[in-house]
2 protein chains.
Amino acid sequence: VTATVPEDPAPDAHLAALRGARCVVTGGLGFIGSNLVHALHAAGAHVAVVDALVPRHGGHRRNLEGLPTVEAGATPNGSVGPDDAVELTIAELDDVAAVTPVVDGADVIFNLAGQVSHLDSMTDPVRDLDLNARTHLGFLELVRRTRPEARIVHTSTRQVYGRPRYLPIDEAHPTEPVDVNGIAKLAGEQLHLLYGRVHDLPVCALRLTNVYGPRQRLLGDAQGFLPIFVRRALQGEPITVYGEGEQLRDCLHVDDVVAALVAAAVVPDVVGEICNLGHPEPASLGRIAALVVAAVADAGGPVGAVVSVPWPAERARIDVGSTTCDSSKAKRLLGWEPSIDLATGLHRTVAFYREHGWYLSST
Amino acid sequence: VTATVPEDPAPDAHLAALRGARCVVTGGLGFIGSNLVHALHAAGAHVAVVDALVPRHGGHRRNLEGLPTVEAGATPNGSVGPDDAVELTIAELDDVAAVTPVVDGADVIFNLAGQVSHLDSMTDPVRDLDLNARTHLGFLELVRRTRPEARIVHTSTRQVYGRPRYLPIDEAHPTEPVDVNGIAKLAGEQLHLLYGRVHDLPVCALRLTNVYGPRQRLLGDAQGFLPIFVRRALQGEPITVYGEGEQLRDCLHVDDVVAALVAAAVVPDVVGEICNLGHPEPASLGRIAALVVAAVADAGGPVGAVVSVPWPAERARIDVGSTTCDSSKAKRLLGWEPSIDLATGLHRTVAFYREHGWYLSST
């Protein structure tokens, strides 16, 4: 028994505004990036993807399954493909030779590339700083020289706040990241805003909470707790929560994130601003796990379990406790608020993965 | 007519505590670093310097003039030299092969290496991020593997605060740097504190205000307004202040900074902490310029002038306005406060450069 995947949500005025626009999506083969590419393509935008396909980071060509694609650089003047083909450039962000022609002529740049694993950031910290800050700085230099008028939307993270001093966290909360990933992402975000102020690039940054949904890498444990929960439930394995599983998280379905990204690319007032993207209804990790198990069972999958284990020391040291984000600034500036509650979002997510089994077997 | 250079200030109990200790000073051929090396050597510490001698950054072998030195790595087991020779390693901070043997066995690491020019950080931003954050991250990894018990004192900057929201700035002030240098220094500082928390390195960070004194690179305009003022006055050229010259700065004589660095290496309570180092008597840029001119004239040098010019656009964009730092935390934790007022410090500074004329001719 497989459920059907709900198709595109209601038409979106912001998305419609990007019809015919040249949109660059860095990290476009990754989780959020590929969902954005699907939405932009469906809306009639010309989409170009830059992705380094860093192993284990979540980027995969199959995330664009169903879309026409063409490799850039296959011929001197760019490759030939269908008019609406998504153009793929496999390169690091700061590869001037490869990326300059992609950025040239762009109307919007969704800069989503990066490394998201907090644990990996502690075992290979220099690589994290490179992927989240250094290559972004090179990219900003390249954009400033090539296409300074392109709107830039940078995806940052609520991890930049560190341990919350108060909840929900608003954008004025101190930024005291507790791992290398948070430090590197903060530097990357600050560099974007700086280039906005100093070099007049129309930049904004969105600080995302935990995101789940289709096209997220399920294997490995590098992408955070949500894909781990989903994978284990789909495989009929118990979901593990640390301690009492009491910490709150305000999880966002990727479709809601895509809507915010698109709004951030077209709404004028957000230029120069940083906005949180969170969900107004946080849930404890234990409850999230139970909802994942229920979604899988409802879809006819295995009936799983949630088990509690003591905190591993290396996780406890970089855990931030409960976090929930105040997204009222995004509502005010972008007219955005999440439309998908957790139970609904998880049902959609489970349906997707039951239709696309390779996420459970491919690395 | 040349004045004499005041010799070492009164003996210092913290400095005495480092007699016989192995002290590594990164950036030890630079301005603050070389003054620290002189003080440590005089106190009987074993001093090892790591310096990349990056052109135009202020590092120069002549800053250690008067001290016995020996190049590390000249022989397979280290070079032979007098027992009290300062050991020199010319290398980037994250050069594992060159720097690991220097750090091995260290009691204290003064991590002063970095790039200080705000203007250079905007013209070669990736280089700034590398020198102030990336190489420091590699260095921290190296230290954590080689010598995790060494005390580490990191020199940060009040530039991490950005435009002041209130004065004087205390350590709880938001960190919103306004140039690449500030972003990179903040990342470097956060990485140090993170390694303290996560890897148990006994780290602290000092956020320095503008520093002046002997052994500062006077040529070029990369090291900030103070050496420019001193150079121009010594050469009989008018000192230029932007706009009305009304912005306040709380300048520190390097001897006061050295005293704080030494205290930060031995006082237990500062581990894991960040402290501002400022001066309680700020002065306007116009007044600072006038005091420099007066110090030079008093020493028998040229009688100069101060002229006001409109703000250059590229400076105005990254200027932070008036800044003064609240150093009460340093007083509480380190027992430190500045002992040198600006007029006295400038007289000492001018006397030094009139005795060491090469600072005005050598690059």
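Hydrogens, waters and symmetry mates play no part in the numbers below; they use all other heavy atoms, side chains included. Convention: sequence-line order gives letters A, B, ...; per-chain numbering from 1. As the structure is a prediction and not an experimental result, all values here were calculated from the model.
If you measure heavy-atom distances from L191(B) to chain A, the contacts under 4.5 Å come from both the backbone and the side chain. At a 4.5 Å heavy-atom cutoff, the contact between A133(B) and chain A is made by backbone and side-chain atoms alike. The part of D130(B) that comes within reach of chain A is its side chain, from C-beta onward, which places non-hydrogen atoms under 4.5 angstrom from that chain. The part of E141(B) that comes within reach of chain A is its side chain, from C-beta onward, which places non-hydrogen atoms under 4.5 angstrom from that chain. For P174(A), no part lies under 4.5 angstrom from a heavy atom of chain B. With a 4.5 Å cut-off on non-hydrogen atoms, L186(A) touches chain B through its side chain but not through its backbone.
With contacts defined as side-chain heavy-atom distances shorter than 4.5 Å, the pair M122(B)/L194(A) qualifies.
With rounding to the nearest 0.5 angstrom, the CG atom of L137(A) is 9.0 Å from the CG atom of D128(B). Note that CD1 of I183(A) and CD of E189(B) are 9.5 Å apart. Values are rounded to the nearest 0.5 Å.
Considering all non-hydrogen atoms of both residues, V198(A) and V178(B) come closest at CG2-O, 4.5 Å.
Between chain B and the options G138(A), P177(A), A184(A), heavy-atom pairs under 4.5 Å are most frequent for P177(A).
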